[in-house]
Amino acid sequence: QVQLVESGGGLVQAGGSLRLSCAASGRTFTNYTMGWFRQAPGKEREFVAAIRWSVYDTYYGDFVKGRFTISRDNAKNTVYLQMNSLKPEDTAVYYCAADRVMDVVDGRQYKYWGQGTQVTVSS
C-alpha cells in the first residue's frame, strides 16, 4: 500500500522559510513523478512544483518565481520543498502527490496523495 506522509508545515512570518518533506513508502518509486500541490480555503487546488523521480527535471508553478526549490533523495524515498521568502498568499494546505504522469501540473493524473500539511504565513 502506497503511503505519502508530509511534514514540515507550520506558522511562519512573511519573508520566512519552511522546508516540507514527503516520505513515500509501499512500492518502488522509480519513474514516478513527485509533485507538490496546495489548496487555500475557498480556492481550487494549485500546482506548486514537481520532480521526475528517475531524472532531475524540475517544474514550478508560475507564482513560485524562484522562491521554492524541489529536490529528492532517492535513497530515502523522500521529496522536499524548500520555501523561501514566504508570503501571506502562500498560506494553504500543501499536498504531496506521486504517479507516473505525462503532464506534471495536472493533479488529476496523480493517483497517490498525502494527507497534507498546513502552511500559514502571517503578515
Side-chain angles (χ1 to χ4, degrees):
Q1 181 178 355
V2 174
Q3 273 196 315
L4 303 177
V5 180
E6 302 100 331
S7 61
L11 173 64
V12 65
Q13 288 189 331
S17 299
L18 283 174
R19 188 193 195 201
L20 305 184
S21 299
C22 173
S25 62
R27 67 166 302 129
T28 300
F29 287 90
T30 303
N31 296 325
Y32 271 59
T33 294
M34 304 294 291
W36 286 98
F37 292 79
R38 71 183 188 182
Q39 188 165 21
K43 294 188 177 181
E44 294 191 353
R45 183 175 58 198
E46 180 177 34
F47 170 74
V48 177
I51 185 168
R52 299 288 188 189
W53 197 256
S54 59
V55 297
Y56 289 79
D57 290 341
T58 58
Y59 309 82
Y60 295 95
D62 290 341
F63 68 90
V64 170
K65 298 187 186 301
R67 300 182 298 128
F68 298 177
T69 303
I70 189 170
S71 61
R72 86 278 193 267
D73 184 335
N74 283 352
K76 295 182 178 180
N77 272 355
T78 300
V79 176
Y80 305 97
L81 184 68
Q82 177 67 43
M83 304 188 295
N84 299 326
S85 302
L86 284 164
K87 305 174 182 180
E89 51 264 43
D90 293 318
T91 295
V93 177
Y94 284 70
Y95 297 92
C96 175
D99 210 337
R100 293 171 176 160
V101 302
M102 294 295 291
D103 183 1
V104 300
V105 306
D106 185 356
R108 296 169 299 179
Q109 295 194 18
Y110 292 81
K111 178 178 180 180
Y112 304 108
W113 290 82
Q115 82 288 350
T117 185
Q118 176 70 46
V119 171
T120 303
V121 184
S122 63
S123 57

Which atom of [X] lies closest to which atom of [Y], heavy atoms considered:
X	Y	answer
Gln118	Ala92	NE2-O, 3.4 Å
Val104	Ala50	CB-CB, 3.9 Å
Leu18	Leu86	N-CD1, 3.8 Å

Would [X] and [Y] count as having a side-chain donor-acceptor pair, cut-off 3.5 Å?
X	Y	result
Arg45	Tyr95	no
Asp73	Thr78	no
Ser85	Arg67	no
Tyr94	Arg38	yes

Any side-chain heavy-atom pair of [X] and [Y] under 4.5 Å:
X	Y	answer
Thr69	Tyr80	no
Ser21	Glu6	no
Phe63	Phe47	no
Leu81	Val48	yes
Thr91	Val119	no

Restricting to ring-ring contact (aromatic ring centres under 6.0 Å, His included), what partner residues turn up for Tyr60, sequence neighbours left out?
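For Tyr60 there are no ring-ring contact (aromatic ring centres under 6.0 Å, His included) partners, ignoring immediate neighbours.
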[X] [atom1] to [Y] [atom2] distance, which is reported to the nearest 0.5 Å:
X	Y	atom1	atom2	answer
Tyr112	Cys96	OH	SG	13.0 Å
Thr120	Asp90	OG1	CG	11.0 Å
Lys76	Ser25	NZ	OG	15.5 Å
Gln13	Ser123	CD	OG	9.5 Å
Met34	Leu4	CE	CG	5.0 Å
Arg72	Ile51	CZ	CD1	4.5 Å

Plane angle bin for Phe37 and Trp113 - parallel if under 30°, tilted between 30 and 60°, otherwise perpendicular:
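Tilted, since the angle between the ring planes falls between 30° and 60°.
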Tyr110-Val105 co-clustered via ILVMFWY side chain contacts under 4.5 Å:
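Yes, one cluster joins them.
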Test Tyr32 against every option in Arg27, Arg52, Arg100 by the side-chain hydrogen bond (donor to acceptor under 3.5 Å, both in side chains) rule and name the one that passes.
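That would be Arg27.
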Which one of Leu20, Ile70, Asn74 satisfies the side-chain contact (heavy atoms from CB on, under 4.5 Å) criterion with Val79?
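Going through the options one by one, the only one that passes is Ile70.
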Between Gln39 (side chain only) and Glu44 (backbone N and O only), is there a donor and an acceptor less than 3.5 Å apart?
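Answer holds: no.
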Begin with the C-alpha distance, continue with both residues' side-chain angles, and end with the deciding distance and a verdict on side-chain contact (heavy atoms from CB on, under 4.5 Å) for Gln82 and Ser71.
CA-CA 8 Å; Gln82 177 67 43; Ser71 61; over 6 Å; no
Sequence neighbours left out, what passes side-chain contact (heavy atoms from CB on, under 4.5 Å) with Gln109? Give chain and number order.
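With sequence neighbours excluded, Gln109 shows a side-chain contact (heavy atoms from CB on, under 4.5 Å) to Val101, Met102, Asp103, Asp106, given in chain and number order.
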